[in-house]
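Worksheet: the structure to be examined is printed underneath.
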Protein chains: 2
Amino acid sequence: MGKMRADAVRNRRLLLDAAAAEFAEHGTEVSIARIAARAGIGKGTVFRHFATKEQLMAAIFGDQLDRLSDAGEALMGSADPGGALLEFMAGAIELQCADRSFCQAVTANTRQDPQVRAASDRLVAVADALTAHARRAGAVRDDATGHDVVLLINGVSQATAPLGDAVPGIWRRYLGLVFDGLRPEAAHPLPVPSPRSLAPESAPMPGSASVPAPDSDPVPPD
Amino acid sequence: MGKMRADAVRNRRLLLDAAAAEFAEHGTEVSIARIAARAGIGKGTVFRHFATKEQLMAAIFGDQLDRLSDAGEALMGSADPGGALLEFMAGAIELQCADRSFCQAVTANTRQDPQVRAASDRLVAVADALTAHARRAGAVRDDATGHDVVLLINGVSQATAPLGDAVPGIWRRYLGLVFDGLRPEAAHPLPVPSPRSLAPESAPMPGSASVPAPDSDPVPPD
DNA sequence: ACCTGAACACCGTTCAAGT
DNA sequence: ACCTGAACACCGTTCAAGT
């Protein structure tokens, strides 16, 4: 890890910055050639640092999740836990809506990536802490969890982001609606318990090599 | 419209059925070659019926929106308007989660398509009627609209669908949470009014030629 | 070790040749 | 009028040749 050549670490940084900017502006369908050109490196160099375009997406997606976690941690000591939770959700949604690739990354298979999984776990932990504070302050219902908060953030972002710049602050309306659902006043019992992990597949047992999806082949053999 | 050759209408139906099935099973990234093979037609024939893969997606997406509208209309005479609205949302989310392409279609530029726009408008109208009934019955808050309901359906679907089959009925939890936000009990004033249209761009003024969509015809004239 | 661009494979789209 | 598969363009990925 620490024994990378100087030009390699420099190129890696240039690549990550260029890719993040291109993805944010144009979505994940930008070509690798364009990203490499922006970074000032060769196409082949991209694949020396990331085996696949999806892994590059995962690295950037993970970084952004970490930024959300940082923002959440900064709010953890607040005197108004309910307001802090609302502010956390607002900041996360706003950031996601400003980045065209964010919602695409969530839908993609990026969740399988270990870095993304780790960043996602941290974000859930931060959300859990904020939610617990708000719950103790009576601002949110007893059965609300950090998983719920993260998932609701995603839902509001994904549903409002494609509306684009047509109605700039429209996500605030739906954050308001969803947050009202988190309040204790209207709480009705929920039919299903909160999930343990946001990952699609169960965590691999220690000792079992994580084998990728068996039927990932688009064309079936004959 | 009515003067298509017999084999053309037959092929069009085969194509739509095959594409719908493939998209539902594997998402929108399935190749045109695979869809054509399943339909038993040549690749080129696909592009005779739809100028682009995205237009094919739009046609199928529009059909599915119409199915949601049908289901909603069947619930309109219910004696329990609140329950009918909840059931409408549940059915829509369940259908979306069963179809891998649904969420991808929402994110894509499919919204520009006139057929999709029409189907979307109808769905909003149905949701508006159901919401108005539920509102009058005191089951939902005064400021909730059909747009809100459709958008919340999308949010729950998009946020829970990628979790996949790991937690089969997890969407029921988030529908419950979101629906609690629609109840009058916890209603706090919302900072932004409900949008008029779900389309990303504003409707063109009468007399101004809408530039971006050059050809609304599924079969281009020659 | 790492960088690079030419070469490869795949897929959406076009089109000349068929009926 | 419509169908078809070969041909084209584009893009992700690989690799032999460079430093």
Side-chain angles (χ1 to χ4, degrees), chain A residues 1-16 18-19 22-23 26-60 101 104-105 108-110 113 212 216-221, chain B residues 1-19 22-23 26-60 101 104-105 108-110 113 214-215 217-222:
Chain A
M1 287 274 180
K3 42 180 156 180
M4 282 179 76
R5 238 166 56 177
D7 55 347
V9 304
R10 196 184 60 99
N11 281 341
R12 189 186 179 90
R13 168 117 318 244
L14 288 171
L15 168 57
L16 284 170
E22 287 292 329
F23 283 153
H26 306 106
T28 58
E29 60 273 0
V30 282
S31 71
I32 292 287
R34 185 168 172 148
I35 292 170
R38 179 160 182 162
I41 63 179
K43 271 196 306 179
T45 309
V46 175
F47 292 95
R48 169 155 291 274
H49 288 272
F50 298 95
T52 189
K53 187 185 183 182
E54 209 166 52
Q55 285 187 27
L56 173 60
M57 286 168 48
I60 287 162
S101 70
Q104 297 173 308
N109 298 359
T110 314
D113 184 277
S216 61
D217 209 345
V219 178
Chain B
M1 286 271 180
K3 42 180 158 181
M4 281 180 77
R5 237 168 54 178
D7 55 347
V9 303
R10 195 185 61 99
N11 281 340
R12 189 188 178 89
R13 169 117 318 244
L14 288 170
L15 169 58
L16 283 171
D17 291 344
E22 287 292 328
F23 284 154
H26 306 105
T28 58
E29 61 272 0
V30 282
S31 70
I32 292 287
R34 186 170 170 144
I35 292 170
R38 179 161 182 161
I41 62 179
K43 272 195 306 180
T45 309
V46 175
F47 292 96
R48 170 154 290 272
H49 289 273
F50 299 94
T52 188
K53 186 184 183 181
E54 210 167 51
Q55 284 188 26
L56 172 59
M57 286 167 48
I60 287 162
S101 69
Q104 297 173 310
N109 299 0
T110 313
D113 184 278
D215 228 342
D217 223 340
V219 178
D222 208 322

#### Entry: C/dT13 base / B/Lys53 side chain donor-acceptor hit below 3.5 Å
no

#### Entry: Interatomic distance, B/Asn11 CG vs D/dT4 C1' [rounded to whole Å]
11 Å

### Message
Applying a 4.0 Å non-hydrogen cut-off, can you work out what A/Val9 is touching in the nucleic acid: base, sugar-phosphate, or nothing?
### Response
nothing

#### Entry: Gap between atoms CD1 and P, on A/Ile35 and D/dT13 respectively (whole Å)
11 Å

### Task
Please report, rounded to the nearest Å, how far the C1' atom of C/dT13 is from the CD atom of B/Glu54.
14 Å

### Query
With both distances kept under 3.5 Å, what pairs with D/dG18, Watson-Crick or G-U wobble?
C/dC2

### Query
CZ of A/Phe47 versus P of C/dA6: gap in Å, rounded?
16 Å

### Task
Measure the distance from CZ on A/Arg34 to C1' on D/dC10 and round it to the nearest whole Å.
15 Å

### Query
To the nearest Å, how far apart are A/Ile32 CD1 and D/dG12 C1'?
7 Å

### Query
Would you find a donor on one side and an acceptor on the other, under 3.5 Å apart, between the side chain of A/Ser31 and the backbone of A/Arg34?
yes

### Message
Taking the minimum atom-to-atom distance to the side chain of B/His49, which one of D/dC3, D/dG12, C/dT13 wins?
### Response
D/dC3

### Query
When we call it a touch if two heavy atoms are under 4.0 Å apart, what does A/Thr45 touch: a base, just sugar-phosphate, or nothing?
base

### Query
Expressed in angstrom and rounded to an integer, what is the separation of B/Phe50 atom CZ from C/dG12 atom P?
15 Å

Dump the pairs, protein N or O against N or O of nucleotides 16-19 of chain D, anything under 3.5 Å, distances to one decimal.
none

